[in-house]
Amino acid sequence: MFTVLTFRDLISGRRRGPVAGVLRGLLRLAEGPYTWEVRRRNQAFDTGRRTAEHVGVPVVSVGNLTLGGTGKTPLVVWLAQWFCRRGVRVALISRGYRASPGELNDEGRELEQKLPDVPHLQNPDRVAAAQKAVQELGAEVILLDDGFQHRRLARDLDIVLIDALEPFGFEHVFPRGTLREPLDEIRRAHIVVLSRADMVCEAERMRIRRIVERYAPSIAWASCNHVPQSLLSSGGAMQPIEALVGQRVAAFCGIGNPAGFRHTLTQCGCEVAVWREFPDHHSYSAADLVELAHWTSTSDASLAVCTHKDLVKIAADSLGGKPLRAVRVGMELMEGRCEIELQLSTLLEGRKLPTRISA
């Protein structure tokens, strides 16, 4: 069966042989028309033939150039908390990929738990969602999650994340690679944040930066890593992250970059006894949970662990008779914090919004 995981094996070149070569050739043929359509749409906005809609308050977009996870959620949380500490009413807007009608999707439920006082509106029509947030909820700043390619909503600040582990989508636009648009479109961004920067060496970080600056010489640069903070049960109970030290775990996830989660577990000092990967935004069926329970129970792991994004969909405190816990992850800026805060402060001052620092 052709899955997201086999697709990535194919486009990355990990899958070898003549059949794989032919398939990559076919995907390369399809890349051309897709790229042409993306450029045509971008040029319509760039030349003013299509115009973005303003909603009367500053809009900060957090996005990426590639499909899959680049670690946007911890940055969105950091930004929302930054505004909240200054007394600015902020609202989150996102498309709500794979959300059931009237409900938040997995990322939305995760953000709701991390930011209980920040309203989150999910709607494929993000302009309408932003207008509702301003007019009905009194939002003074809009945080647009996964918004770099959504150009209908005008934004004042574009922040783009690049994953240090897989920075440029295998150097091809979808479907031959995982770039959502050609790399030179990075010039539209104001700030680039290299995520999971601690997972590569300094030489690789500089290589990635040089490539970005080739297309956007004056772009602001920052880098961050993802720091495990605590263990979380489905019921909301927390344990120190140190509880994982020395434990053997059955680990699984359905996120865009499973390697990032596995690295996080290494940081926690535990040993991965067994490992499973699911596609990003995977909806765990009853059959999946039965299989996972058997998989966990027959391993020699002392507990099962997953990401927060997975736990909100499973909603169970145990799996296969063993405790199930999510690893809560936060963001730590390695460099560029002053530049990011300067641009955020300038944005608020330019709009004459309050800058009340709360305790």
Side-chain angles (χ1 to χ4, degrees), residues 45-46 48 51-64 71-94 111 114-121 126-162 185-195 209 212-213 216-224 330-359:
F45 282 100
D46 294 341
T51 57
E53 299 186 44
H54 294 266
V55 292
V57 302
V59 175
V60 178
S61 167
V62 180
N64 46 274
K72 290 189 303 295
T73 298
L75 178 58
V76 169
V77 171
W78 186 90
L79 289 166
Q81 291 173 338
W82 190 93
F83 285 117
C84 289
R85 286 195 299 271
R86 284 150 182 83
V88 177
R89 290 191 297 275
V90 61
L92 301 178
I93 302 297
S94 64
L111 285 165
K114 291 181 175 179
L115 300 167
D117 298 324
V118 176
H120 186 176
L121 283 70
R126 279 157 280 191
V127 173
Q131 290 170 338
K132 180 177 180 179
V134 173
Q135 296 166 8
E136 299 182 18
L137 304 179
E140 297 172 305
V141 169
I142 297 294
L143 268 181
L144 178 60
D145 188 9
D146 198 15
F148 191 56
Q149 287 77 33
H150 183 77
R151 300 191 63 181
R152 275 189 58 227
L153 179 59
R155 71 288 314 277
D156 301 89
L157 188 64
D158 255 313
I159 303 175
V160 172
L161 282 89
I162 291 179
E185 294 292 345
I186 195 71
R187 65 183 183 274
R188 303 198 316 267
H190 300 94
I191 303 172
V192 164
V193 178
L194 183 68
S195 64
R209 182 171 183 173
V212 170
E213 290 178 342
S218 60
I219 201 164
W221 182 266
S223 62
C224 68
M331 187 200 74
E332 181 180 86
L333 284 165
M334 296 172 61
E335 59 178 324
R337 177 172 184 150
C338 290
E339 179 61 32
I340 293 175
E341 293 193 315
L342 174 62
Q343 295 210 32
L344 294 175
S345 297
T346 301
L347 183 65
L348 295 186
E349 291 164 4
R351 295 285 180 156
K352 296 183 172 60
L353 286 177
T355 54
R356 306 178 296 274
I357 306 293
S358 60

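Residues Ile219 and His190 share a closest heavy-atom pair of CG1-O, 3.5 Å. Closest non-hydrogen pair, Ala139 versus Val57, comes out as O-CG1, 3.6 Å. Nearest approach of Gly71 to Pro74, heavy atoms of both residues: O-CD, 3.3 Å. Residues Ala133 and Ala91 share a closest heavy-atom pair of CB-CB, 3.8 Å. Nearest heavy-atom pair, Asn64 versus Lys72, reported as atom, atom and distance to 0.1 Å: OD1-NZ, 3.1 Å.
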Derivation of the side-chain contact (heavy atoms from CB on, under 4.5 Å) call for Trp221 and Glu335: CA-CA 8 Å; Trp221 182 266; Glu335 59 178 324; 3.6 Å; yes
Candidate pair Glu140 and Phe83, rule side-chain contact (heavy atoms from CB on, under 4.5 Å), full reasoning: CA-CA 10 Å; Glu140 297 172 305; Phe83 285 117; over 6 Å; no
Intermediate values then yes/no, side-chain contact (heavy atoms from CB on, under 4.5 Å), Leu111 and Val77: CA-CA 7 Å; Leu111 285 165; Val77 171; 3.6 Å; yes
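Summarising the geometry, atom CG belonging to Leu161 is positioned 10.5 Å from atom CD1 belonging to Ile191; distances are rounded to the nearest 0.5 Å. Expressed to the nearest 0.5 Å, how far CD1 of Ile340 lies from CG of Leu75 amounts to 6.5 Å. Considering CZ of Arg155 and CG of Leu143, their distance stands at 12.0 Å, rounded to 0.5 Å. To the nearest 0.5 Å, atom OG1 of residue Thr51 and atom CZ of residue Arg151 are 11.5 Å apart. If you take CZ on Arg337 and CH2 on Trp82, they are separated by 10.0 Å, rounding to the nearest 0.5 Å. Note that the CG atom of Asp145 and the CG atom of Leu92 stand 7.0 Å from one another [nearest 0.5 Å].
The side chain to side chain contact (heavy atoms under 4.5 Å, CB included) test with Cys84 is passed by exactly one of Asp117, Leu79, Leu115, Val90: Val90.
In terms of modelled atom types and a separation under 3.5 Å, the side chain of Asp156 and the main chain of Val59 share a donor-acceptor contact. Of the possible polar contacts, none joining the Arg89 side chain to the Leu137 backbone as a donor-acceptor pair under 3.5 Å is found. A donor-acceptor pair is defined here as one N or O able to donate and one able to accept, closer than 3.5 Å; such a pair exists between the side chain of Arg188 and the backbone of Phe148.
Qualifying salt bridge (Lys or Arg N to Asp or Glu O under 4.0 Å) partners for Glu332, counting only residues two or more places apart in sequence or in other chains: none.
The number of heavy-atom neighbours closer than 6.0 Å to NZ of Lys132, taken from other residues, nucleotides and ligands shown, is 12 or below.
Salt bridge absent: Asp146 and Arg126 never bring a charged side-chain N and a carboxylate O closer than 4.0 Å.
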